[in-house]
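First comes the structure, then the notes that go with it.
This one's a predicted model, so the numbers in the text were calculated from it and none came from an experiment.
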Amino acid sequence: MRKLMVAVAAVAGLALTAGCKQNPREERRELAEVQQDAQQEVAEAQREASEERADIQREEQEEIADAQRDVAQAQRDVAEADRERAEDLRDDSAATAAVNDTVMGRVRSTTGDSLVLVVPNQNNTELKLKTDDKTRVTQNSQVVELDDFKEGTEVRASYVADGEDLVARDVVIISPVKEK
């Protein structure tokens with residue numbers, strides 16, 4: 001752009017000096033040279049401007065391509081995280097399903113935070129269940145204390161495995177021991 005301005009100024013300057021000369025043939029030759037120089041400078045300026053535009057477009061296209069690659073990578077990362085989360089949920093639900101159970105039995109004993117049941121449909125095996133603050137103990141939909149259970153009380157207990165321990169989640173008195 002600067003070259004174009006210089007060329008125009010040069011043409012204008014020569015035109016002024018040409019007006020001062022006496023020989024019209026020489027004036028026309030000088031004017032033709034100045035016009036040719038100006039045209040070459042204009043063509044050069046246009047070529048440089050085109051190259052600059054092409055460079056800018058190329059840089060912008062590279063930036064867009066980089067951004068698209070970043071977005072694609074982020075989408076792959078999110079998809080992988082979603083797959084891992086779904087797999088973890090499947091594993092957790094499979095593990096939970098494998099260790100959740102409900103039994104019917106009679107209370108053998110209750111001490112502190114544990115309950116021992118005799119389970120008749122498992123050859124009268126004893127099942128020791130721990131209790132914690134999540135264990136709910138009820139009789140006729142009323143919350144009761146574990147220590148209120150008497151030996152022989154018939155209960156239904158649901159529990160989960162927690163490492164080596166079986167932890168009671170719900171203990172419901174089905175039929176209390178009758179006083180004689």
Once side-chain hydrogen bond (donor to acceptor under 3.5 Å, both in side chains) is applied, do any residues pair with Ser141, and if so which ones, sequence neighbours excluded?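 Listed in chain order: nothing, the list is empty.
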All side-chain hydrogen bond (donor to acceptor under 3.5 Å, both in side chains) counterparts of Arg156, not counting sequence neighbours: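 side-chain hydrogen bond (donor to acceptor under 3.5 Å, both in side chains) list for Arg156, sorted by chain: empty.
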Rounded to the nearest 0.5 Å, how far apart are [atom1] of [X] and [atom2] of [Y]?
X	Y	atom1	atom2	answer
Gln139	Ile174	CD	CD1	11.0 Å
Gln46	Glu51	CD	CD	12.5 Å
Gln68	Gln75	CD	CD	10.5 Å
Asp113	Thr131	CG	OG1	5.0 Å

[X]: side-chain contact (heavy atoms from CB on, under 4.5 Å) partners, not counting sequence neighbours:
X	answer
Arg25	Asn23
Gln57	none
Asn124	Val118, Pro120
Gln73	Arg76, Asp77

So, Thr135 side chain and Ala168 main chain: donor-acceptor pair closer than 3.5 Å or not?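 Side chain of Thr135 to backbone of Ala168: a pair is present.
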Pair Leu166, Leu127 - check side chain to side chain contact (heavy atoms under 4.5 Å, CB included), show working. CA-CA 9 Å; Leu166 300 178; Leu127 180 66; 3.3 Å; yes
Quick one about Ser50 and Arg47 (side-chain donor to acceptor, distance below 3.5 Å, no hydrogens or angles considered), yes or no?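 Arg47 vs Ser50: no donor-acceptor pair found between side chains.
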Can you list everything that forms a salt bridge (Lys or Arg N to Asp or Glu O under 4.0 Å) with [X]? Sequence neighbours excluded, please.
X	result
Asp55	Arg58
Asp132	Arg169
Glu62	none
Asp170	Arg136

Only pairs at least two apart or in different chains count here, so list each salt bridge (Lys or Arg N to Asp or Glu O under 4.0 Å) that has a residue in residues 64-73.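 Qualifying pairs: Asp66-Arg69.
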Residues 103-112, side-chain donor-acceptor partners within the protein, below 3.5 Å, at least two apart:
| from | atom 1 | to | atom 2 | distance (Å) |
| --- | --- | --- | --- | --- |
| Arg106 | NH1 | Gly152 | O | 3.2 |
| Arg108 | NE | Glu126 | OE2 | 2.9 |
| Arg108 | NH2 | Glu126 | OE2 | 2.8 |
| Thr111 | OG1 | Ser114 | OG | 3.1 |

Check the pair Glu33 / Arg29 against salt bridge (Lys or Arg N to Asp or Glu O under 4.0 Å), numbers first and verdict last. CA-CA 6 Å; Glu33 286 177 7; Arg29 185 185 56 77; 2.7 Å; yes
Identify whether Val172 and Leu129 are in the same connected component of the hydrophobic contact network (ILVMFWY, side-chain heavy atoms under 4.5 Å).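 In one cluster with Val172: Leu129, no.
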For a side-chain contact (heavy atoms from CB on, under 4.5 Å) with Val137, tell me which candidate from Leu115, Ile173, Val144 qualifies.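 For Val137, the side-chain contact (heavy atoms from CB on, under 4.5 Å) test succeeds with only one of Leu115, Ile173, Val144, which is Val144.
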Go through the steps for Val167 and Tyr159 under the test side chain to side chain contact (heavy atoms under 4.5 Å, CB included), then give the verdict. CA-CA 5 Å; Val167 181; Tyr159 61 91; 5.9 Å; no
